[in-house]
Amino acid sequence: MSSSAPNPTPGEALPPRSAIKHDDDKERAPDSSTSSMKAVQIAEPEPDIINPEENIPKRQFSAGLAKRLSGRSPMPLTNPSRPPLLSQASLEALSDPLGGIARQQSQEDLAPPQPPRRHRIDVVGERIIAQVADWLEHEKIKRQNRKATRAHGSRRKHQKEDAESSQSQSTTLARRFSVDSQSSEVSLDRLQRIIDDSMSSLGLTSVPHHSPRLGRKPQRRRSIALHRTASSDTEYHDGDVLVPGCDGVLDNSKTLGYTGGGATSEETASTTNRKEDKERKAWLSFKSEIIRLAHTLRLKGWRRVPLDGGEAISVERLSGALTNAVYVVTPPRGMTGKAEGGKKNPAKLLLRVYGPQVEHIIDRENELSVLRRLARKKIGPRLLGTFANGRFEQYLNAITLTSDDLRDPDTSKQIAKRMRELHDGMELLEDEKDGGPAVLKNWDHWLTRVSQAISFLDAKIVAGDAGSAGSTADAWKQQGFICGTDWPTFKAMFDRYRKYLFDRYGGPKVIREHLVFCHNDTQYGNILRVRPDDKKSPLLQPHYEHKQLVVIDFEYAAANVRGYEFANHFTEWCYDYHDEALSFACNVNKYPTPEEQYRLIKSYVNHRPEYPHPAASTPSLSPLATPTMGPSTPSLGPATAGSTSSIAEFMLDARVPPGGWKEEERRREDQTEDQIKSLIEETRLWRPLCSAMWIAWGIMQAKIPGFDIEGIPEGAPGDQPGAVAAQDEDDGDDPGFDYLRYAQQRAMFFWGDCVTLGLVKLEDLPETIRTNIKLTQY
């Protein structure tokens, strides 16, 4: 094969040409002065005579650190599908690699200097170098300071060496892996050389100065509360609520008054009254302990309050609570509202201190378990922290209902709706169902202690001990026996009533099917009305207005029948715990009339609870699920009966029921009326047991002079340490709540219901009971 090529003249170098002919190459006529050649010759160009017009060098860029460290494979230099796009210089590099490298170096020398392109990994490397260099400089300064200290403390050094020499045998193993100062200095020098080498590889002449944090684009954090069933201070783990706790004990024996806990200033701190000064010091000590507990439990924002800031916070005791002492803790005035710099100011707290006689009444572990279950359903205030004899709860901007509020028609309907939502919204555990009604469990659990206490009190009446005249502690003796009769007679009547109750239902298995989760203490002091802060709050809408009511104090919440819940609520209408003279008295004239009972229970039956998320319980929303009870025998229908509704009820072309739609509507109304009547009858049936339960509660709560309250054997269930005495006998002039007279009044209510049910005739009762008995025909 032969081809022709131009023949160079003497002293002239051949111009470089590609061995491949491109489509865009022009046809060139052979030079007349050249002779044909029989081989293809590709001459190597000489750099000093390159014509820039014929071979324009490409702009070269040095690969940055990101490309040098990239883990991706290099792009292939040839592509069979696109050969015309390859440049002439690339082909020359393929044919002569060494010549291409030489030309590239020559072109880099001719091209103007370009600043190196900075990649993100370069910036990260510079930041790391800057941080390590700062640390290295800091360590060098520390080492110089230590050397200066050792130079001036040679005497202490010799003493230390003598001590080390005497203990060299025992410390040889412990110092085997220690590093002496010389090797440490060598390590610092090596680290310095590493930094210098890294700076050289990055082209740095001095240590860069960067912020320790990487320059990432700020991202907006999404609120975690949107994915929780409850929010704010409550922490969660796998759906369970984690509440901080400690073993601290808060002594409130000197701060049971309703005044004196306000924030004090230097002007009000000084007083000449000895009693007021003693009370002020007691409140100051109490508030300081509250701050200490808040710090220990790490309540959000409260660690900003100094431990000695007791005078700056305000503590106010709330009235109406009988089992516990409840306080509202307000942070200092300068820490209210939003804080600056992203910090959270302390919020108001609800402090609950357990009563001195309740540790053998209430199972606190079970109570906390119930509160965790309620938190999953967003029922009640959040639990923030617990200690040995109390807990901190979320403070709600709300007001407590009064005894008159219970009689308000709208409020009564709203209470009924909240009851229905609680009963249907909380599932009962199988163990709770197997245990039967909680009111009977409480009675059996307290029976031994109650029997001892009442027998002790009955002995005083039999002995004719009338007590001190005008003494508050002995006021109950004016009416005789606590239970109206001696304890054996009252216990026999209770056992007779209990058998009558089970016979009406057909046995405990039938009662088990009627159990629901009840609050069991719906007195007006345990119901709050939230005050919405925003006028556009959904709580102001008519459909959600009943949700303004929040029920608190779930200490006695457990399994019971609906009738017991209504019986307990209706009997609370008879009390006014804010009456200074007769806070213990039961006024049966205030018991709700049949019309008032009908209004509340009808609102309960017709209410359809709404559940915000699929994780909530999905009980039957039909009023037919409410157990019905005839005038003589309770219904056998379970409380969790399935809904009678079907898709046919929502179809336009559904089959018309027999008798037409008007007849169907009339039938449903009749069923609703039957349910209301059955629940009213069930309420009357369980009312004596409600009275008996609170009689035992009053005896357990009472502080009986001379009675050995520690008479229960050690290790008895519910006997827990940590309770603080309610009040010292020589320091308290406030008699507080009269639990014995309260139990005495409830006993008269119990006997009245037994007469109404036909369990005993009125004429067969003692004269004392006939005089003081509390009868209500409805």
Side-chain angles (χ1 to χ4, degrees), residues 232-235 242-271 274-318 324-356 364 368 381-397 721-728 731:
S232 191
D233 297 328
T234 307
E235 301 295 339
L242 300 178
V243 180
C246 67
D247 296 332
V249 177
L250 186 61
D251 184 3
N252 68 326
S253 59
K254 303 295 191 302
T255 55
L256 292 174
Y258 294 96
T259 58
T264 58
S265 58
E266 295 181 359
E267 292 78 7
T268 59
S270 59
T271 176
R274 182 178 179 182
K275 182 178 180 180
E276 292 180 358
D277 184 66
K278 183 179 180 181
E279 182 180 3
R280 185 189 66 82
K281 291 182 179 179
W283 276 100
L284 180 59
S285 176
F286 179 62
K287 292 190 290 185
S288 299
E289 290 300 319
I290 292 175
I291 298 176
R292 189 178 301 275
L293 283 175
H295 280 233
T296 303
L297 297 174
R298 297 182 177 272
L299 302 184
K300 291 187 177 180
W302 277 90
R303 292 178 65 87
R304 299 185 59 201
V305 181
L307 291 174
D308 56 352
E311 294 184 351
I313 69 173
S314 175
V315 178
E316 176 186 3
R317 185 184 177 188
L318 299 180
N324 306 316
V326 181
Y327 302 86
V328 176
V329 184
T330 306
R333 294 182 180 179
M335 294 186 178
T336 56
K338 295 183 179 180
E340 298 179 357
K343 296 182 180 180
K344 184 175 182 179
N345 273 330
K348 280 188 176 182
L349 302 175
L350 191 72
L351 170 64
R352 191 178 302 275
V353 182
Y354 305 146
R364 294 300 178 186
L368 294 178
R382 297 190 306 272
L383 183 61
L384 305 182
T386 63
F387 50 96
N389 65 322
R391 63 178 182 260
F392 289 98
E393 298 176 6
Q394 174 195 12
Y395 173 78
L396 300 175
N397 184 21
V724 179
Q727 200 161 354
D728 295 339
D731 289 341

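As the structure is a prediction and not an experimental result, all values here were calculated from the model.
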Practice item. Give, for atom NZ of Lys348 and atom OG1 of Thr330, the distance between the pair rounded to the nearest 0.5 Å. Key: 4.0 Å
Point to revise | Contacts of Lys281 that satisfy salt bridge (charged side-chain N to carboxylate O under 4.0 Å, His left out) - sequence neighbours left out | key: Asp277
Review point. Quick one: side chain to side chain contact (heavy atoms under 4.5 Å, CB included) partners of Asp247, sequence neighbours excluded?
Key: none
Point to revise | Side-chain donor/acceptor of Asn345 to backbone N/O of Gly301, under 3.5 Å | key: no
**Study point:** Trace of the side chain to side chain contact (heavy atoms under 4.5 Å, CB included) decision for Arg391 with Arg364
**Key:** CA-CA 11 Å; Arg391 63 178 182 260; Arg364 294 300 178 186; 4.1 Å; yes
Study note, to complete from the structure: Partner of Leu350 under side chain to side chain contact (heavy atoms under 4.5 Å, CB included), picked from Leu318, Val329, Leu384, is Leu318
Revision key, fill the gap. Residue set satisfying side chain to side chain contact (heavy atoms under 4.5 Å, CB included) with Gln394, at least two apart, ordered chain then number -> Pro381, Arg382, Leu396
Practice item. For Thr255, check side chain to side chain contact (heavy atoms under 4.5 Å, CB included) against everything at least two apart and list the hits. Key: Asn252, Trp283, Phe286, Tyr327
Check your understanding: Going through the distances and angles, do Val243 and Thr386 end up as a side chain to side chain contact (heavy atoms under 4.5 Å, CB included)?
Key -> CA-CA 7 Å; Val243 180; Thr386 63; 4.2 Å; yes
Check your understanding: Counting N and O atoms only, with roles assigned by atom type, does the side chain of Lys287 sit under 3.5 Å from a partner on the main chain of Ile313, one being a donor and the other an acceptor?
Key -> yes
Study note, to complete from the structure: The ring-ring contact (aromatic ring centres under 6.0 Å, His included) partners of Tyr395 (sequence neighbours excluded) come to none
Review point. If we only count heavy atoms from C-beta on, is the Val326 to Val353 side-chain gap below 4.5 Å?
Key: no
**Study point:** side chain to side chain contact (heavy atoms under 4.5 Å, CB included) between Leu250 and Tyr354, intermediate numbers included
**Key:** CA-CA 10 Å; Leu250 186 61; Tyr354 305 146; over 6 Å; no
Sequence neighbours excluded and cut-off under 3.5 Å, please list the side-chain donor-acceptor pairs for residues 288-296, or say none.
unit_1: Ser288; atom_1: OG; unit_2: Leu284; atom_2: O; d: 2.9
unit_1: His295; atom_1: NE2; unit_2: Trp302; atom_2: O; d: 3.1
unit_1: His295; atom_1: NE2; unit_2: Val305; atom_2: O; d: 2.6
unit_1: Thr296; atom_1: OG1; unit_2: Arg292; atom_2: O; d: 2.9

Review point. Do Leu299 and Leu349 have side chains that get closer than 4.5 Å, going by heavy atoms?
Key: yes
